[in-house]
Structures are given as C-alpha cells and as structure tokens.
J.: 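If you scroll down you'll find the structure; I have some questions about it.
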Amino acid sequence: MKSVEEQLKIVLRGCDTVYSQEELRKKITRSVEKNQPLRVKLGMDPTAPDLTLGHTVVLQKLRDFQDCGHKAVLIIGDYTAMIGDPSGRSKTRPVLTPEQVKTNAETYLAQAGKVIDTSPEKLEIRHNSEWLKPLDFADVIRMASKVTVARMMERDTFAKRQKAGIEVFIHELFYPMMQAQDSVEIKADVELGGTDQTFNNLMGRDFQRNMDMAPQVVMVMPILVGTDGTEKMSKSLGNYIGVAEAPSDMFGKVMSIPDELMLNYYTLLTKVDEQRMTELTDSGKTHPRDAKVELGKQIVTKFHDEKAAESAVEEFFRIHGKGKAGLPDDIPEVKVPVDLLADGEISAADLAVCCGFAKSKGEARRLISDNGIRLEGEPLPDPMGMVKVTSGQVVQRGKRKFVRLVVG
RNA sequence: GGGAGUGUACCCAAGUGGCCAAAGGGGACGGGCUGUAAACCCGUUGGCGUUCGCCUUCGAUGGUUCGAAUCCAUCCGCUCCCA
C-alpha cells in the first residue's frame, strides 16, 4: 500500500473541495495502519445511456482510490431513478422505466470500465433498490422527519427554481435523503461526486451521524465544462464528448474547445503533471494548437489507444489542414434513387436532400447558394441547377460531413 | 377557496386588428479568415413551387370580422399573492 502522503497527493489532484481534509487524512492513516481499505462510494445515475468525459472526471477519482488500494463501491441508483436527480435541473426529470434503467446501467458499466478497475476485489456494485424498495410508508415518514423544509430548500437548485417561479415537486425533496440512506447502508468512508452533488453528499454525513456511524468524507470534483466553453458538459446541451465516440470525433471535439479550457481539461482528464501542464498552456512556450493536439491525443489514447490517436490526428489535418482537400477514412454511402435522375443529372437541391444534408429543398437551396455543398470538392454553383452525378463521387456539406454516392 | 398574471418558432423574448412567416438575443448551420471543429467577421435559420405567389404556424377549441398571434367565449397548462 502506498504511503499516506503519496495517497493524499494522488487523491487530491483536481479536487474542488474536501469535507474535510483532516478527516480524510485520518481515515487514510488508519486504513494504512490497519491495512484495511476504505469504502469509497460513487452513486451513478442510470438516466443517460452514454457517458461523457464529464462523468469520467469523478470516475477517474474513484480509480485513483482503487489504485491506492481502496475499495470502490458503485451504487446503481435504480430506485432513485424513479425520481431523477434534481441537481442543476430547471425541470423535473422524466421518470425512467425499469427497462431503461437496466439498459442504461449496462452501457454505463461497460463504458465506466474504461476508467475504473472492474475486478471484483476492487469494485463492489450495488443497486439501491436493495434497501430502498423494502421501506414502507412509515419508514419514509421517519426518514423525512429528520430533515427540515428550510434545510432542504436551502439547496441551490431548489432555491433557484423557487425564485424563478419554476415548480419544485415534493418527491424531488426525497432524492437527497435516498442518496444519504445509500451511504448509511453501504457504510461509506468516502463519497465522491461532482460539486453539484455537494448537498446530497453532505446529507449522507447527517444520516450516518444519526445512525451513530462515523460520517463519510465528501470529496467533490469540479464540473467539466462542455465544448462550448460555458455550460456543464451534458448530452442534453449537445456540448459533450462521449466516452464511446469514434477516435476522430473525439479528437475533433477536443480541438473545438476554447483555448482557455485546456488547463482545465489537462487537469481533470489527463495525468500530465503540473509542470508540464503549465508549459503546455503557456502560449509563449507552446503553440495553443499544438497544446490542444497533445490534449486530444492524450484523451483519445485514454479511451481508445495510441494508434487510434495518431490516425485521428493524421485524419484531422488531412481534412482541416491547409489544402482542405482531404477526405476522412470512412465515408458513408448514400443511394441516389433513379427516379430523381434525368439523363444522369439531378437537381442540385434534390442531391443535397437525398444525401441527408438538408431537411427540405428550401434549406438545400440556401446551403448551396452559401457554397455549403460540394461535389468532388467543388461548390455547387447554382441552387436551381442540375448536376451530373456518377457512383463513387463524394458530396460534402461544410467541412465535416461527407457522403459517397451510389447511383441507381 | 379568492385575486393577479402568463402560454409566441430549437431556447429566451418582442409584437395588442391588416405593413406578420412574425423584431431582438442565444443556439445551430454555412462562408471568409486563421493557429484548430479556438477567436473574429459575414450570411442563413417554417414548407412548396418560385423574382410573384400558395400552404402550415403564435397553448386548445369555437366565435366576431372583408381580415386575428392580436378582439370575444369556453377549456387546458404554469406561476405568484391572499386564505
């Protein structure tokens, strides 16, 4: 087992806040002395089927604990999913069906496995329906009697919604309590989460104290900002990079983040050490583009492998480099129906629509007159015109969308 | 239960009888430029034929009117204040 100081160094990297550092030090010290691993809890929300890099920030922290010899306890919130975490939400979450929860949990685990160690001695997986489902109404009342309305409404997301005139439903108030109960049930020593989970996680401490247990240490990680550079990374905002995405997309998306975000990404998503990070993010020392290419490589390597990263870089510059004449490695094929053709020609607008580049002919015409559609690299000149097409030709929308034609 | 508001396109938000397919902003998309899918600048942003028009759209339904996002009625949703 690593020394206390080593462990603290690894485990504290990138952390936003620890409640509290002294307690953490004590717990780790005792764990080393008694050679007994800590139980480190992470609750997962089976609401989204795919993980984004945002989710991996806290998963990586869990991995850090595993690497220090501790036990990860992953809670699948199959029961809490009936409420949905209200954190950061301006709207109530839709309720999930048991089937959705199940399939989401499966893909989640598969994808989380890219970050955490899934060997059984390092990872314990629990479903919170195990202890929440047997509770009867009286148990729930008893639970609710431990927390005041005022305390609950302090919570920023509730307070904000209340103030903004957006409804807050009673059942949402139960979410933090259920999550807190999880900590009691699994006897968590440490709970991890994003900063948006602070309230929920701290409530776990209260519940444990009520049960005369040693309260868990709460460690919250910063929320990863999405590719837009402002909002939290999330699927619904469309500013995400998915764990399961193809190397070229993953790399391209990393290249699209604002330069200012690089330090943040380096800290939270890579293991690059501090000194190297400051070199990379100092534009006097490193060209920002090169720093970003390096970042992209690191990230693609983490979720795929080094070879995939190299070819993603190569492809990126082939397409977006100086000449801009390059083509991606994989181009989907699209059939051009014969009935749109007359003497081997098709109307420019129809072509764009059947390639899937425009939803309507009007949109297609607008795109064409903005030089947005290219055939074999040449912009289509006339939105009203006809063009000759043959199988194998490449049609392109903008810089990134390509399609190969199959006529007939 | 009483009272006051409010519902407009992907989102926010203007519009209170014709000049409204509906201002503005955000987002998204396209172009230019570049250091990249950064930044910045420009453009596009209901559908169908097209230099003119037709069709669908402003919570829902019905009505008034030559004409309604705009007026009236009923209904539905949401919020706030009082009880």
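Each chain gets a letter, A, B and so on, in the order the sequences are listed, and its residues count up from 1. Values reported hereafter were calculated over all heavy atoms of this structure, with side chains retained and with hydrogens, waters and symmetry mates removed.
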J.: Look at all strands and tell whether A/R400 reaches a base, only sugar-phosphate, or nothing, counting heavy atoms closer than 4.0 Å.
T.: base
J.: P atom, B/rC11 versus B/rU16: distance in rounded Å?
T.: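 It comes out at 23 Å once rounded to the nearest Å.
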J.: Heavy atoms only, 4.0 Å cut-off, all strands: where does A/G252 land among base, sugar-phosphate and nothing?
T.: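 A/G252: base contact, heavy atoms under 4.0 Å.
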J.: Report yes if at least one side-chain N or O of A/R289 is closer than 4.0 Å to OP1 or OP2 of B/rU36; otherwise report no.
T.: yes
J.: Given B/rA37, is OP1 or OP2 found less than 4.0 Å from the side-chain N or O atoms of A/R397?
T.: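 For A/R397, the contact criterion (side-chain N or O under 4.0 Å from OP1 or OP2 of B/rA37) is not met.
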J.: Tell which nucleotide pairs with B/rC40, taking only Watson-Crick or G-U wobble pairs whose two distances are both under 3.5 angstrom.
T.: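 Its partner is B/rG32.
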J.: Between A/S248 and A/N371, which is nearer to the 5' end of RNA chain B once each is assigned its nearest nucleotide?
T.: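 Upstream on the strand: A/N371.
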J.: Donor-acceptor pair under 3.5 Å: do we get one between A/D259's side chain and the base of B/rG35?
T.: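 Check passes, donor-acceptor contact within cut-off.
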J.: Does a side-chain N or O of A/S360 approach OP1 or OP2 of B/rG47 to a distance below 4.0 Å, or not?
T.: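 So the side chain of A/S360 is within the cut-off, an N or O lying under 4.0 Å from OP1 or OP2 of B/rG47.
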J.: I'd like to know if A/D78 pairs up with A/K102 as an ion pair, taking the criterion as any Lys NZ or Arg NE/NH1/NH2 lying under 4.0 Å from an Asp or Glu carboxylate oxygen.
T.: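 No, this pair does not count.
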J.: For the pair made of NZ in A/K401 and C1' in B/rA37, what is the distance, rounded to whole Å?
T.: 12 Å
J.: How many angstroms lie between atom SG of A/C355 and atom CZ of A/R404, to the nearest 0.5 angstrom?
T.: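 Result: 12.5 Å between the selected atoms.
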J.: Out of curiosity, A/M386 CE to A/L351 CG, how far, rounded to the nearest 0.5 Å?
T.: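 Atom-to-atom, A/M386:CE and A/L351:CG are 10.5 Å apart.
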J.: Taking only the P atom of each, what is the distance from B/rA39 to B/rA22 in whole angstrom?
T.: 31 Å
J.: Considering every strand shown, what is the Watson-Crick or G-U wobble mate of B/rG7 when both distances are under 3.5 Å?
T.: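 The answer is B/rC76, by the H-bond criterion.
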J.: Check every strand shown and say whether A/I257 touches a base, only sugar-phosphate, or nothing at a heavy-atom separation below 4.0 Å.
T.: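 Sugar-phosphate, no base atom in range.
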J.: To the nearest Å, give me how far apart OH (A/Y265) and C1' (B/rU36) are.
T.: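 Roughly 15 Å, once rounded to whole Å.
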J.: Can you see if the side chain of A/H287 gets near the phosphate of B/rG35 - specifically, an N or O under 4.0 Å from OP1 or OP2?
T.: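 No, A/H287 has no side-chain N/O under 4.0 Å of OP1/OP2 on B/rG35.
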J.: State whether A/K361 places a side-chain N or O below 4.0 Å from either non-bridging phosphate oxygen (OP1 or OP2) of B/rG49.
T.: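 Answer is yes, contact under 4.0 Å.
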J.: Could you tell me the separation between the NZ atom of A/K2 and the CD1 atom of A/I28, rounded to the nearest 0.5 Å?
T.: 12.0 Å
J.: Is B/rG1 paired to anything, Watson-Crick or G-U wobble with both distances less than 3.5 Å, and if yes, which nucleotide?
T.: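 Partner of B/rG1: B/rC82.
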J.: Would you mind reading off the distance between A/K399 atom NZ and B/rC33 atom P, rounded to a whole angstrom?
T.: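 Atom NZ in A/K399 sits about 10 Å away from atom P in B/rC33.
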J.: Expressed as a whole number of Å, how far does the P atom of B/rU6 sit from that of B/rA73?
T.: 15 Å
J.: In whole angstroms, how far is the C1' atom of B/rG35 from the CG atom of A/D290?
T.: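 Nearest whole value for this atom pair: 9 Å.
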J.: Contact class for A/P288 vs. all strands (heavy atom < 4.0 Å): base, sugar-phosphate, or nothing?
T.: base
J.: Taking only the C1' atom of each, what is the distance from B/rG53 to B/rC58 in whole angstrom?
T.: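 The same atom, C1', in both gives a distance of 23 Å.
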J.: With both distances under 3.5 angstrom, what nucleotide forms a Watson-Crick or G-U wobble pair with B/rA14?
T.: none
J.: Measure the distance from CG on A/N239 to P on B/rA37 and round it to the nearest whole Å.
T.: 19 Å
J.: For B/rG27, which nucleotide is its Watson-Crick or G-U wobble mate, given both distances must be under 3.5 Å?
T.: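 Result: B/rU45.
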J.: Can a cation-pi geometry be assigned to A/K253 and A/Y240, taking NZ or CZ under 6.0 Å from the six-membered ring centre and within 45° of the ring axis?
T.: yes
J.: Choosing from B/rA37, B/rU36, B/rU44, which nucleotide comes nearest the side chain of A/F317?
T.: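 Selected nucleotide (nearest to the side chain): B/rU36.
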J.: Determine the Euclidean distance between corresponding P atoms of B/rA14 and B/rA9; express it in Å to zero decimal places.
T.: 13 Å
J.: Atom CD1 of A/I368 and atom P of B/rU44: how far apart are they, to the nearest Å?
T.: 17 Å
J.: Kindly point out which of B/rG49, B/rG32, B/rA37 is positioned nearest to the side chain of A/R374?
T.: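 The answer is B/rG32.
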J.: Are A/Y175 and A/M203 side-chain neighbours, meaning at least one heavy-atom pair lies under 4.5 Å?
T.: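 The answer is no, as the side chains (C-beta and beyond) never meet within the 4.5 Å cut-off.
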J.: Please state whether the phosphate of B/rA37, meaning OP1 or OP2, lies under 4.0 angstrom from any side-chain nitrogen or oxygen of A/T227.
T.: no
J.: Using the P atom as the point on both nucleotides, what is the distance between B/rC55 and B/rG67, in whole Å?
T.: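 Going atom to atom, P in each nucleotide, I get 15 Å.
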J.: Suppose you measure atom C1' in B/rU64 against the same atom in B/rG17; what distance do you get, rounded to whole Å?
T.: 12 Å
J.: What's the spacing between A/I373 CD1 and A/R366 CZ if we round to 0.5 Å?
T.: 12.0 Å
J.: Between B/rU51 and B/rU57, how many Å separate the two C1' atoms, rounded to a whole number?
T.: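 It comes out at 25 Å once rounded to the nearest Å.
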J.: Closest nucleotide of RNA chain B for A/D370 versus for A/M384: which of these residues is on the 5' side?
T.: A/D370
J.: When rounded to the nearest 0.5 angstrom, what is the spacing between NE2 in A/H70 and CZ in A/F65?
T.: 6.5 Å
J.: So, is A/R365 near the phosphate of B/rG49, with a side-chain N or O under 4.0 Å from OP1 or OP2?
T.: yes
J.: Atom NZ of A/K292 and atom C1' of B/rA37: how far apart are they, to the nearest Å?
T.: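 Going from NZ in A/K292 over to C1' in B/rA37 covers 9 Å.
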J.: Distance check needed: B/rU34 P versus A/F316 CZ, whole Å only.
T.: 16 Å
J.: Pairing check on B/rU56: which nucleotide meets the Watson-Crick or G-U wobble criteria with it, both distances under 3.5 Å?
T.: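 Checking every strand shown, B/rU56 finds no partner, since no pair has both distances under 3.5 Å.
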